[in-house]
Undergrad: 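Starting off with a structure, shown below.
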Amino acid sequence: MVKNESDKIKEAVSGEEESEIEEIKKTKKKEGKEPELTDLPGIGPAVSAKLEGAGITDLMGLAVIGPNELSDISGISPAVARKAIQAARSLLDLGFVDGAEFAKRRENTLNITTGSKNFDELLGGKGIESRAITEAYGAFGSGKTQLGLTLAVNVQMPTEKGGANGKCVFIDTEGTFRPARIKQVAEKMGANPEKVLKNILVARAFNSDHQILLVDKVSELIKNGEPIKLVIIDSLTAHFRAEFSGRGQLADRQQRLNKYLHSLMKLAEQHNLAIYVTNQVMSNPAQMFGDPTTAIGGNIVGHASTYRIYLRRGKQGSRVAKLIDSPNLPDNECVFFVTEGGVVDNA
Ligand code: GTP
Ligand code: MG
């Protein structure tokens with residue numbers, strides 16, 4: 001049988017080397033540090049500098065490229081490149097899978113309707129999906145929280161009604177969770193408002209440390225049998241932005257955000273659940289034309305989000321959602337409305 005590249009990468013690291021990688025993982029964890037490129041076999045300071053020059057600054061960047069590309073950039077042989085890639089994947093617990101396994105996994109991907117057909121279409125037909133992070137960014141009042149509240153209700157619906165038959169965890173960093181709004185949306189869906197409210201586990205995150213800690217709490221809840229299929233974080237970035245606002249703190253903030261996003265992605269992968277996060281915008285003085293707004297957290301958040309949506313107010317009380325840089329869908333826009341019953345196609 002001819003081996004495919006993904007098998008070759010998997011087999012590049014021997015059993016003995018694997019335990020060495022486990023050792024590195026443990027040591028780094030104890031030290032409270034993230035593994036770096038130079039921790040990987042075959043990657044010394046000179047190679048690492050070349051990689052950084054090519055924009056590969058962390059393990060995630062390396063884990064997702066191919067051995068030939070890595071070899072071209074750094075000058076190491078493809079065999080060494082495979083070893084380094086596999087080591088990076090193990091260190092990140094990425095558990096890459098081959099095509100057949102991937103296809104099988106896709107089959108049980110869950111979707112949650114946004115409440116608007118147009119919006120669902122924008123996201124590929126059925127709304128937001130499991131094993132993915134969907135990020136909505138936009139100005140205040142653009143509908144980010146309202147979309148979250150709608151999803152928190154819709155996830156509980158049966159699949160025929162666009163739900164995932166699951167519960168929701170709502171991580172609230174800004175005190176914007178509104179039980180009364182949940183009840184209204186539930187009523188519109190023809191569901192029992194009290195029951196729907198009970199199936200939303202709300203946690204107020206008081207600072208970024210607390211917010212990060214809550215990821216483990218979600219895992220615990222799931223282990224205890226809670227069928228959680230949606231995790232909402234409203235807002236993803238507000239605490240990080242407030243706490244790391246000083247000059248020279250940007251790199252720290254980005255690093256922490258990056259780590260947090262990786263743990264969210266892992267949560268989504270491990271438990272086949274959907275993650276919806278909101279993000280604020282800041283004005284970008286460098287952009288002279290068009291809409292001068294950029295999402296907080298920039299590329300770090302952009303790379304980690306599977307689907308990135310920009311929300312803004314449209315004509316006559318409508319909202320516009322624009323899909324940005326999706327890996328498998330065209331950049332497109334749609335119009336929707338926020339009503340008492342949540343997100344809908346027409347007011
Ligand atoms: P920030 O959190 O401030 O950044 O904004 P956001 O994007 O989260 O805004 P949010 O989703 O809270 O949207 C608020 C807007 O939704 C309001 O200005 C209203 O236009 C609309 N909205 C909220 N509740 C209702 C409602 O019950 N009925 C109607 N018709 N509109 C509502
Ligand atoms: Mg909000």
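Indexing begins at 1, ligand by ligand and atom by atom, following the structure's order.
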Undergrad: For atom 28 (N) of ligand 1, what is the nearest protein heavy atom, given as residue, atom name and distance?
TA: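 Here the nearest protein heavy atom works out to Glu340 N, 3.3 Å.
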Undergrad: Under 4.0 Å from ligand 1, counting heavy atoms only, is it the side chain of Arg312, its backbone, both or neither?
TA: neither
Undergrad: Quick one: which of Ala180, Ala136, Gly141 has a heavy atom closest to atom 6 (P) of ligand 1?
TA: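 That would be Gly141.
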Undergrad: Closest heavy-atom contact between Gly115 and Asn154?
TA: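 Closest pair (atom of Gly115, atom of Asn154, distance): N-ND2, 3.7 Å.
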Undergrad: Counting both backbone and side chain atoms, is some N or O of Gln280 under 3.5 Å from an N or O of ligand 1?
TA: no
Undergrad: Distance check below 2.8 Å: does Thr145 bring an N, O or S atom to the Mg ion (ligand 2)?
TA: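 So Thr145 does bind the Mg ion (ligand 2) by this criterion.
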Undergrad: Protein non-hydrogen atoms only, distance under 4.0 Å: does atom 23 (C) of ligand 1 have such a neighbour?
TA: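 There is a protein heavy atom less than 4.0 Å from atom 23 (C) of ligand 1.
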Undergrad: Give me the residue, atom name and distance of the protein heavy atom closest to atom 4 (O) of ligand 1.
TA: Lys144 NZ, 2.8 Å
Undergrad: Can you pull out the closest protein heavy atom to atom 8 (O) of ligand 1? Residue, atom name and distance to 0.1 Å, please.
TA: Thr145 OG1, 2.7 Å
Undergrad: Please give me the minimum heavy-atom distance between Gly138 and Tyr310, naming the atom from each residue.
TA: CA-CE1, 4.0 Å
Undergrad: Which distance, rounded to the nearest 0.5 Å, do you find between the CD1 of Ile296 and the CG of Leu257?
TA: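 The CG atom of Leu257 is 10.0 Å from CD1 of Ile296, to the nearest 0.5 Å.
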Undergrad: For atom 3 (O) of ligand 1, what's the nearest protein heavy atom and its distance?
TA: Phe140 CB, 3.2 Å
Undergrad: Under 6.0 Å from the CZ atom of Phe206, do we count more than 12 heavy atoms belonging to anything else shown?
TA: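 Counting other residues, nucleotides and ligands, CZ of Phe206 exceeds 12 neighbours.
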Undergrad: Can you tell me how far apart CD (Glu333) and CZ (Phe119) are? Round to the nearest 0.5 Å.
TA: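 Reported value, rounded in 0.5 Å steps: 11.5 Å.
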Undergrad: Is it true that atom NZ of Lys188 has more than 12 heavy atoms of other residues, nucleotides or ligands lying nearer than 6.0 Å?
TA: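 Yes, the 6.0 Å shell around NZ holds more than 12 heavy atoms from other groups.
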Undergrad: Out of curiosity, is Ala139 lining ligand 1, as in a heavy atom under 4.0 Å away?
TA: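 Yes, Ala139 has a heavy atom closer than 4.0 Å to ligand 1.
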Undergrad: Counting heavy atoms only, which of Arg181, Arg313, Gln146 is nearest atom 18 (O) of ligand 1?
TA: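 Going through Arg181, Arg313, Gln146 one by one, Arg313 has the nearest heavy atom to atom 18 (O) of ligand 1.
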Undergrad: For Gly143, counting its heavy atoms only, list the atoms of ligand 1 lying under 4.0 Å from any of them.
TA: 6 (P), 7 (O), 9 (O), 10 (P), 11 (O), 13 (O)
Undergrad: Is there a heavy atom in Arg319 that sits closer than 4.0 Å to ligand 1?
TA: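 Yes, Arg319 has heavy atoms under 4.0 Å from ligand 1.
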Undergrad: Answer yes or no: does an N/O atom from Gly138 fall short of 3.5 Å to an N/O atom of ligand 1?
TA: no
Undergrad: With a 4.5 Å cut-off on side-chain heavy-atom distances among I, L, V, M, F, W and Y, is there a chain of contacts connecting Leu70 to Ile21?
TA: yes
Undergrad: So, is the end of the Arg308 side chain (NZ or CZ) under 6.0 Å from the ring centre of Tyr137 and within 45° of the ring's axis?
TA: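 Output yes; distance and angle both within limits.
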Undergrad: Could you tell me the separation between the NZ atom of Lys322 and the CG atom of Asp331, rounded to the nearest 0.5 Å?
TA: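 Taking NZ in Lys322 and CG in Asp331, the distance rounds to 6.0 Å.
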Undergrad: Heavy atom under 4.0 Å from ligand 1: found in Val338's side chain, backbone, both, or neither?
TA: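 Contact part for Val338 vs ligand 1: both backbone and side chain.
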Undergrad: Ser208 and side-chain hydrogen bond (donor to acceptor under 3.5 Å, both in side chains): which single residue from Arg253, Glu243, Arg241, His239 fits?
TA: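 The passing option is Glu243.
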